[in-house]
Amino acid sequence: MIVPGLQRVIDSLSSFGLSVDNDGIVTGVLAPFHSAADSPAAAAGIVPGDRVDLKAMRCVPPGTPQCASLVAVLGGLGGMQAALSNHQITLALKPSSGAAPKTVELQSVPAPLNPPERVVLFLDTVVGIIVIIIAFWLVWTRPSLMTWGLFLYVVWINPGQTFTYYALLQRWPLAVLAQEFAEALAQGAAFAGLMIFALRFPDDRTESRWQKVQWAVPLLGAAMAVLTLLCFANLFGFPTERITEISFLAGYAFDAVVLLILLERRRSLPPQEEQRMRWVIWGCAIGLPAFILAELCQSSDLILHLFGFSPSQAFVGLLYLPNGVLVYFASQAVWQRRVVSVSIPLRHGTTLVALTLLIGVPIFQLEQKLDIVKESFRLPAWIWPLLVAPVVLLLVNRLHETAVELVDRIFNRRFHSAKRQLKEASEAIAQAESLAEIDRLLVESTVGALCLSSGAVFRSEGNVFRRTQDTKGWNASMKKELRPESDAIALRCLQVGAPVRLNHDDWDSRELPPGMDAPCLSVPVRSGITEATAVVLLGPHETGNDIDADEREMLDRLAARAAAGYERVVTGMLRQEVAQLKAQVVELQSGDRTARANP
């Protein structure tokens with residue numbers, strides 16, 4: 001249904017210039033055209049307030065010409081209509097002036113999208129395809145009621161737009177009626193699937209106190225399907241604008257219940273699962289209201305009634321995009337047993353959107369100014385792409401980097417505080433006098449600065465890596481040695497040359513710290529000297545969050561400083577051993593000479 005929308009990105013559909021609500025009342029005769037002269041509806045003398053005679057044009061039976069015309073105005077689209085080229089319809093209208101009913105013939109004319117609308121439509125379509133593929137892949141790789149619930153939601157509720165699809169169906173009224181019946185079932189299944197997902201995430205089970213709610217989910221889904229189906233009764237002569245608005249408000253209520261369930265269930269989860277739940281909660285909080293608001297703007301006139309204006313199509317298209325955030329966040333929470341803090345993608349996403357707007361608008365204005373400069377100075381055309389454009393792009397790129405760094409320092413102070421602490425620890429490691437002291441500093445500084453649940457150092461001693469100290473999360477009864485044949489997963493970081501995430505399912509041992517203290521990351525301390533090579537095993541944050549990419553990069557740099565510290569200490573030890581051996585050799589040679597002098 002959404003892939004045909006790509007046609008409008010490179011081409012265009014046609015339109016009658018007529019906007020009609022679900023009661024059949026004309027709400028506009030201009031959009032998507034910019035002037036009344038271009039609009040067939042305005043040219044035909046239709047004015048806002050006129051009413052389509054739903055009873056005279058009702059689809060009884062469905063195959064009549066008046067049904068085909070009514071389907072072209074109301075069938076599945078609502079708001080601003082789209083049609084195929086040269087599509088002709090006949091409408092029975094009741095003028096708002098009280099004059100006698102009249103019949104109007106309209107023929108669609110091309111209504112090309114402007115560049116911003118084409119960009120937004122392309123983004124909506126691509127994101128819609130991606131989220132459906134993600135939901136399908138979740139079901140394929142981890143089939144369960146939980147993932148099936150998310151899939152049913154995404155199949156119908158996704159950012160993709162269906163104007164082109166419904167325009168193609170207008171030639172067959174029976175197909176439109178069948179599609180609307182299927183749409184009602186899909187909408188009910190979508191809301192039911194979302195609630196099933198909320199009740200069963202993250203372990204695909206429902207607690208006993210929520211069992212009654214789960215049993216009621218099919219009834220709630222059926223109620224939403226019936227309510228959606230009633231919205232299409234306008235094709236049979238019944239005004240349904242209020243029913244449509246109620247259905248959208250019911251959708252908001254449904255989403256609110258889902259959020260309340262997630263928030264309530266979060267309280268009873270252990271820290272690690274609670275962090276995964278936070279991802280789902282934020283995804284729902286961002287995606288659900290934005291999608292329903294977009295549907296309200298596109299398929300109902302509630303916004304027009306409340307605020308007196310209708311949002312542009314580009315703005316409505318942008319409102320669909322956040323629904324992709326829900327699927328992305330939910331999929332990450334399902335795939336990853338440990339997740340990083342949800343504030344990280346939220347902060348990055350907010351920063352990206354804000355900077356895009358702050359930079360994109362001036363660039364648009366600059367482009368207009370450059371057009372004026374071109375006309376004024378009449379410089380050669382090759383100067384602009386070869387000289388002016390690179391300079392502008394360089395300045396914009398530098399502005400973007402500076403802004404990102406500034407925003408990051410303002411909103412990520414905890415990370416920068418940890419960075420300073422680890423920098424101080426690296427300086428202390430550079431002054432350490434023993435391997436044991438470096439072990440202690442490496443673990444204590446890392447665990448303390450990042451607030452981790454556990455940490456331990458396993459240093460190379462011959463063919464094994466041995467732990468010599470009991471540190472946070474590790475005691476004397478736990479694993480003291482790492483061996484290549486049994487602990488290859490933990491030692492793989494030495495081969496990769498970078499920190500490696502450890503999944504509990506891949507490396508499970510009774511000698512490892514249990515639960516929240518279980519290692520989630522192995523950091524290599526690489527050195528050219530065998531005795532100076534080590535592996536650091538670290539648990540997640542005490543809050544349950546995983547160690548994120550920026551923190552892994554910071555730990556990798558600290559490990560490099562620790563490797564230099566190990567090498568320095570080991571080199572000093574070797575020098576002492578050499579000095580001792582030389583002293584022993586001198587002593588033995590002196591004793592030998594004395595023995596020869598006194599036979």
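Residue numbers count from 1 along this sequence.
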**Q** Please tabulate, for the side chains in residues 246-255, all donor-acceptor contacts under 3.5 angstrom to protein atoms that are two or more places apart in sequence or on a different chain.
**A**
from: Ser247; atom 1: OG; to: Thr244; atom 2: O; distance (Å): 2.5
from: Tyr252; atom 1: OH; to: Pro289; atom 2: O; distance (Å): 3.2
from: Tyr252; atom 1: OH; to: Leu293; atom 2: N; distance (Å): 3.2

**Q** About how many Å separate CG of Leu152 and OG1 of Thr147, when rounded to the nearest 0.5 Å?
**A**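 Rounded to the nearest 0.5 Å, the OG1-CG separation comes out at 10.0 Å.
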**Q** List for me each residue that meets disulfide (SG to SG under 2.5 Å) alongside Cys59, sequence neighbours excluded, and say none if there are none.
**A**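 Checked Cys59 against disulfide (SG to SG under 2.5 Å); matches are Cys67.
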**Q** Does Asn114 offer a backbone N or O that forms a donor-acceptor pair with the side chain of Glu117 under 3.5 Å?
**A**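 At least one qualifying donor-acceptor pair exists.
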**Q** Quick one: does Ser108's side chain have a donor or acceptor within less than 3.5 Å of a partner on Asn86's backbone?
**A**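 A pair under 3.5 Å: yes.
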**Q** Return the set of residues passing ring pair (Phe, Tyr, Trp, His ring centres under 6.0 Å) with Trp148 (not counting sequence neighbours), or none when no residue passes.
**A**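 Listed in chain order: Phe151.
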**Q** Using 0.5 Å steps for rounding, measure from the CD atom of Glu273 to the CZ atom of Arg265.
**A**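 Between atom CD of Glu273 and atom CZ of Arg265 there are 10.0 Å.
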**Q** May I have the step-by-step check of side chain to side chain contact (heavy atoms under 4.5 Å, CB included) for Val176 and Phe232, ending in yes or no?
**A** CA-CA 11 Å; Val176 174; Phe232 303 131; over 6 Å; no
**Q** Are any of the side-chain heavy atoms of Val104 and Thr90 separated by less than 4.5 Å?
**A**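 The answer is no, as the side chains (C-beta and beyond) never meet within the 4.5 Å cut-off.
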**Q** Verify side chain to side chain contact (heavy atoms under 4.5 Å, CB included) between Asp204 and Arg142, making sure each step is shown before the conclusion.
**A** CA-CA 10 Å; Asp204 192 36; Arg142 300 189 180 183; over 6 Å; no
**Q** A side-chain contact here means heavy atoms from C-beta on lying under 4.5 Å apart; do Phe197 and Tyr153 qualify?
**A**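 Phe197 vs Tyr153: side chains apart.
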**Q** Quick check for you: to the nearest 0.5 Å, what is the distance between Gln66 atom CD and Leu91 atom CG?
**A**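 Going from the CD atom of Gln66 to the CG atom of Leu91 covers 11.5 Å.
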**Q** Do the non-hydrogen side-chain atoms of Cys284 and Phe329 ever get within less than 4.5 Å of each other?
**A**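 SC-SC contact between Cys284 and Phe329 ruled out.
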**Q** Please enumerate all residues that pass side chain to side chain contact (heavy atoms under 4.5 Å, CB included) together with Val226, with sequence neighbours excluded.
**A**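 In terms of side chain to side chain contact (heavy atoms under 4.5 Å, CB included), with neighbours along the sequence ignored, Val226 is linked to Leu230.
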**Q** With sequence neighbours excluded, what pairs up with Val52 under the side chain to side chain contact (heavy atoms under 4.5 Å, CB included) test?
**A**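 Checked Val52 against side chain to side chain contact (heavy atoms under 4.5 Å, CB included); matches are Val20, Leu54, Met57, Leu70, Leu93.
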**Q** Can you find a pair of side-chain heavy atoms, one from Ser12 and one from Leu113, that are under 4.5 Å apart?
**A**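 Counting from C-beta outward, Ser12 and Leu113 never come under 4.5 Å.
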**Q** How long is the straight-line distance from CD of Glu245 back to OG1 of Thr240, given to the nearest 0.5 Å?
**A**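 Thr240 atom OG1 to Glu245 atom CD measures 10.0 Å (nearest 0.5 Å).
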**Q** Rounded to the nearest 0.5 Å, what's the gap from CD1 on Ile2 to CD1 on Ile132? Could you check?
**A**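 Rounded to the nearest 0.5 Å, the CD1-CD1 separation comes to 4.0 Å.
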**Q** Who passes side chain to side chain contact (heavy atoms under 4.5 Å, CB included) against Ala333, sequence neighbours left out?
**A**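 Result, side chain to side chain contact (heavy atoms under 4.5 Å, CB included) vs Ala333: Phe201, Arg276, Trp279, Val280.
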**Q** Is there any side-chain hydrogen bond (donor to acceptor under 3.5 Å, both in side chains) pair reaching into residues 121-130, and which pairs are they, with sequence neighbours excluded?
**A**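 Of all non-adjacent pairs touching residues 121-130, those that pass side-chain hydrogen bond (donor to acceptor under 3.5 Å, both in side chains) are Asp124-Gln161.
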**Q** Pair up each side-chain donor or acceptor in residues 185-192 with any protein partner under 3.5 Å, not counting sequence neighbours, and list the distances.
**A**
from: Gln187; atom 1: OE1; to: Trp156; atom 2: NE1; distance (Å): 2.7

**Q** Is the count of non-hydrogen atoms from other residues, nucleotides or ligands lying under 6.0 Å from Trp335 atom CH2 greater than 12?
**A**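 More than 12 heavy atoms, drawn from other residues, nucleotides or ligands, come within 6.0 Å of this atom.
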**Q** Please name the pair of heavy atoms, one in Glu241 and one in Asp23, separated by the smallest distance, quoted to 0.1 Å.
**A**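 Closest pair (atom of Glu241, atom of Asp23, distance): N-OD1, 2.8 Å.
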**Q** Which pair of heavy atoms, one from Ile157 and one from Asn323, lies closest together, and at what distance?
**A**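 Result for this residue pair: O-ND2, 3.0 Å.
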**Q** Just wondering, do Ile243 and Leu227 contact through their side chains at under 4.5 Å, heavy atoms?
**A**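 A side-chain contact under 4.5 Å exists here.
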**Q** Got Ser341 and Asp548 here, is their nearest side-chain heavy-atom distance under 4.5 Å?
**A**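 No; the side chains remain at least 4.5 Å from each other.
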**Q** Taking 4.0 angstrom as the limit, do Asp546 and Arg501 come out as a salt bridge?
**A**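 Yes, this pair counts.
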**Q** If you take all heavy atoms of Val71 and Pro173, which pair is closest and at what distance?
**A**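 Shortest heavy-atom separation between Val71 and Pro173 comes out as CG2-CB, 4.2 Å.
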**Q** With sequence neighbours left out, which residue pairs that include part of residues 321-337 fulfil the salt bridge (charged side-chain N to carboxylate O under 4.0 Å, His left out) condition?
**A**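 For residues 321-337, and leaving out neighbouring residues, the salt bridge (charged side-chain N to carboxylate O under 4.0 Å, His left out) pairs sorted by first residue read Arg337-Asp505.
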**Q** Determine whether a donor-acceptor pair (N or O, by modelled atom type, separation under 3.5 Å) exists between the side chain of Arg118 and the backbone of Arg8.
**A**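 It does hold such a pair.
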**Q** Any non-hydrogen side-chain atom of Glu551 less than 4.5 Å from a side-chain atom of His541?
**A**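 They are in side-chain contact.
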**Q** Using every non-hydrogen atom in the two residues, find where Leu235 and Glu180 come nearest and quote the distance to one decimal.
**A**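 Where Leu235 meets Glu180 most closely, the heavy atoms are CD1-OE1, 3.0 Å.
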**Q** Would you please test Phe238 and Arg58 for side chain to side chain contact (heavy atoms under 4.5 Å, CB included) and show each step?
**A** CA-CA 9 Å; Phe238 302 97; Arg58 64 185 183 274; over 6 Å; no
**Q** Roughly how far, to the nearest 0.5 Å, is the CG atom of Leu169 from the CG atom of Leu177?
**A**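 Going from CG on Leu177 over to CG on Leu169, the span is 10.5 Å.
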**Q** Taking ring pair (Phe, Tyr, Trp, His ring centres under 6.0 Å) as the definition, give me every residue that meets it alongside Phe291, ordered by chain and number, with sequence neighbours left out.
**A**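 Tyr320.
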**Q** Quick one, Asp50 and Val47 - any side-chain contact, counting heavy atoms below 4.5 Å?
**A**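 Heavy-atom side-chain distance check passes, below 4.5 Å.
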**Q** Minimum heavy-atom separation for Leu319 and Ala294, please, with both atom names.
**A**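 Where Leu319 meets Ala294 most closely, the heavy atoms are CB-CB, 3.6 Å.
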**Q** Assess whether side chain to side chain contact (heavy atoms under 4.5 Å, CB included) is satisfied between Val342 and Ile281, documenting all intermediate values.
**A** CA-CA 10 Å; Val342 71; Ile281 290 172; over 6 Å; no
**Q** Could you list all the salt bridge (charged side-chain N to carboxylate O under 4.0 Å, His left out) pairs where at least one residue sits in residues 152-178, not counting sequence neighbours?
**A**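 Non-adjacent pairs meeting salt bridge (charged side-chain N to carboxylate O under 4.0 Å, His left out): zero.
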**Q** Assess whether atom CZ of Phe122 is packed by more than 12 heavy atoms of other residues, nucleotides or ligands within 6.0 Å.
**A**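 Atom CZ in Phe122 is not packed in, count stays at 12 or less.
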**Q** Quick one: closest heavy-atom pair of Ala111 and Pro32, and the distance?
**A**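 Residues Ala111 and Pro32, closest heavy atoms: CB-CG, 3.6 Å.
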**Q** Output all residues satisfying salt bridge (charged side-chain N to carboxylate O under 4.0 Å, His left out) with Arg552, sequence neighbours left out; order by chain, then residue number.
**A**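 Arg552 satisfies salt bridge (charged side-chain N to carboxylate O under 4.0 Å, His left out) with no residue once adjacent residues are dropped.
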**Q** Okay, side chain of Ser39, backbone of Ala36: is any donor-acceptor separation there less than 3.5 Å?
**A**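 Not a single qualifying donor-acceptor pair exists.
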